[in-house]
2 protein chains.
Amino acid sequence: MTESPFETDGCRPAPRNCAPDSRVVAARLAALSHPARIEIIKHLSASNSCCCREVVDRFDLAQSTVSQHLKILVEAGLVRFEPDRQRSRYAVDHAALADVSASVAALVNSCCSGR
Amino acid sequence: MTESPFETDGCRPAPRNCAPDSRVVAARLAALSHPARIEIIKHLSASNSCCCREVVDRFDLAQSTVSQHLKILVEAGLVRFEPDRQRSRYAVDHAALADVSASVAALVNSCCSGR
DNA sequence: ATCGTTTATCGCCGATGGACGATGACCGAA
DNA sequence: TTCGGTCATCGTCCATCGGCGATAAACGAT
């Protein structure tokens with residue numbers, strides 16, 4: 001794979017007149033909308049950075065499943081990936097995470113300001 | 001149908017050692033993780049309250065599809081529903097929305113504080 | 001070279017999501 | 001009552017998700 005999670009699309013299908021913004025926000029929230037991935041994010045953050053195996057040990061999920069969740073998080077740009085010898089180091093991208101938080105806050109604000 | 005989306009569960013499946021919190025947050029984010037629903041939330045908020053038809057006119061989605069999206073938002077507690085004659089009035093629950101925002105912010109904070 | 005470990009990917013499967021059209025209920029107006 | 005508009009629900013279809021085991025690649029150590 002090349003890189004950016006949003007190069008072309010990678011978002012859910014949306015009706016015609018949806019702001020592109022909504023698609024991006026939705027895609028990021030989708031990455032966060034699974035309990036296992038939320039826990040993985042927490043775990044990564046607490047450990048600063050982890051390899052896949054550490055996460056597998058923590059949760060009782062198959063290694064392939066964890067790898068898949070990690071991939072989804074990386075593709076959403078919420079987690080950074082760096083190969084390290086035969087390991088893979090995964091670390092939370094705090095800026096991206098903060099950005100998601102800001103996006104949600106902005107949505108909520110836009111909803112309240114319009115009243 | 002009987003009732004509340006969370007009576008027993010209504011959340012996504014989660015590995016054993018997921019904080020119950022994560023399931024609740026994930027469920028709410030799931031409701032927000034679709035571009036159409038985000039746009040619907042914005043529209044509801046801008047109009048203060050809408051009936052289903054108004055939303056259908058705004059987006060080119062079938063009435064049944066919009067109704068389904070609204071149902072999901074209501075079940076997630078993000079939108080309030082009130083029957084009004086033969087119409088249905090839908091309005092954003094700003095408190096609930098703010099709560100979601102707070103949940104995400106808390107997640108992000110917990111990730112940053114642990115460093 | 002061989003083994004053990006770690007990882008990503010593949011294929012499969014059941015379940016869910018998202019879209020639609022059709023239908024029937026409800027209600028106001030004619 | 002009948003008609004038109006609004007709505008929720010049902011059934012269907014297709015795509016995606018989420019889980020798993022199996023496999024192969026990569027690499028360090030023996």
Side-chain angles (χ1 to χ4, degrees), chain A residues 1-2 9-18 22-23 26-27 29-40 44 49-76 79 81-91, chain B residues 1-3 5 9-18 22-23 26-27 29-40 44 49-76 79 81-91:
Chain A
M1 125 182 19
T2 45
D9 198 51
C11 297
R12 294 209 190 182
R16 297 296 153 270
N17 32 9
C18 270
S22 298
R23 310 179 58 148
L29 290 183
L32 271 186
S33 68
H34 191 290
R37 290 197 287 269
I38 290 180
E39 290 297 316
I40 289 175
L44 287 185
S49 105
C50 283
C51 65
C52 179
R53 182 87 212 301
E54 295 178 79
V55 180
V56 172
D57 288 342
R58 192 77 158 203
F59 306 98
D60 52 354
L61 289 171
Q63 179 268 330
S64 56
T65 304
V66 170
S67 183
Q68 182 65 13
H69 279 312
L70 286 168
K71 183 181 179 183
I72 290 172
L73 289 171
V74 169
E75 286 179 344
V79 164
F81 161 77
E82 187 183 3
D84 173 22
R85 323 234 172 219
Q86 81 270 36
R87 304 268 182 102
S88 293
R89 302 226 60 83
Y90 291 96
Chain B
M1 132 176 11
T2 46
E3 46 312 295
D9 200 50
C11 296
R12 294 209 189 184
R16 298 297 152 269
N17 32 9
C18 270
S22 297
R23 311 179 57 146
L29 290 184
L32 271 185
S33 68
H34 192 290
R37 290 197 287 269
I38 290 181
E39 290 297 316
I40 289 174
L44 288 185
S49 104
C50 283
C51 66
C52 180
R53 183 83 212 301
E54 294 178 78
V55 181
V56 172
D57 288 342
R58 191 76 157 205
F59 307 98
D60 51 353
L61 290 172
Q63 180 267 329
S64 56
T65 303
V66 170
S67 183
Q68 183 65 14
H69 279 311
L70 286 169
K71 183 182 179 184
I72 290 172
L73 289 171
V74 168
E75 286 180 344
V79 164
F81 162 77
E82 187 183 4
D84 173 21
R85 323 234 173 218
Q86 81 269 38
R87 305 272 183 98
S88 292
R89 301 225 61 83
Y90 291 96

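Atoms considered below: every heavy atom in the structure, side chains included; atoms not considered: hydrogens, waters and symmetry mates. So that the names make sense, note that chain A is the first sequence line, chain B the second, and so on, each numbered from 1.
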What is the minimum heavy-atom distance between Leu70(B) and Tyr90(B), and which atoms define it? CD1-CE1, 3.5 Å
Of the listed dG18(D), dC7(D), dA8(C), the closest approach to the Ser67(A) side chain comes from dA8(C)
With nearest nucleotide decided by heavy atoms, which residue, Leu70(A) or Val66(B), maps closer to the 5′ end of DNA chain C? Leu70(A)
Rounded to the nearest 0.5 Å, the CD1 atom of Ile38(A) sits from the CG atom of Leu73(A) at a distance of 10.0 Å
Taking CG from Leu73(A) and C1' from dT7(C), how many angstroms apart are they, rounded to a whole number? 16 Å
His69(A) to Ala36(A) - nearest heavy-atom pair and separation: NE2-CB, 4.0 Å
Expressed in angstrom and rounded to an integer, what is the separation of Gln63(A) atom CD from dC10(C) atom C1'? 13 Å
Using heavy atoms and a sub-4.0 Å distance, could you list which residues of residues 84-91 of chain A are near DNA chain C? By number, please. Gln86(A), Arg87(A), Ser88(A), Tyr90(A)
Whether His34(A) contacts dT16(C) is assessed here as follows: a side-chain N or O lying under 4.0 Å from the phosphate OP1 or OP2. Is that the case? no
Over how many whole Å does the gap from Phe59(B) atom CZ to dA19(C) atom P extend? 12 Å
How long is the line joining CD of Glu75(B) and P of dT16(C), in whole Å? 14 Å
Does a side-chain N or O of His69(B) approach OP1 or OP2 of dG17(C) to a distance below 4.0 Å, or not? no
Select one nucleotide: of dC20(C), dG18(C), dG19(D), the one nearest the side-chain heavy atoms of Ser64(B). dC20(C)
Cys51(A) to Arg89(A) - nearest heavy-atom pair and separation: N-NH2, 4.0 Å
Would you say Thr65(A) places a side-chain N or O within less than 4.0 Å of OP1 or OP2 belonging to dG18(D)? no
Determine whether Val55(A) and Leu44(A) make a side-chain contact, defined as any pair of heavy atoms from C-beta on separated by less than 4.5 Å. yes
Where do Cys52(A) and Gln63(A) come nearest, in terms of heavy atoms and distance? SG-NE2, 4.1 Å
Expressed in angstrom and rounded to an integer, what is the separation of Lys71(B) atom NZ from dA19(C) atom C1'? 15 Å
Asp60(A) CG to dG19(D) C1': how many Å, rounded? 12 Å
Whole angstrom value for the distance that separates C1' of dG18(D) from CD1 of Ile40(A): 12 Å
Taking the minimum atom-to-atom distance to the side chain of Cys52(A), which one of dT7(C), dT9(C), dG19(D) wins? dT7(C)
Provide, to the nearest angstrom, the distance between the CD1 atom belonging to Ile72(B) and the P atom belonging to dA19(C). 9 Å
Atom pair OG (Ser33(A)) and NE2 (His34(B)), whose distance is rounded to the nearest 0.5 Å: 11.5 Å
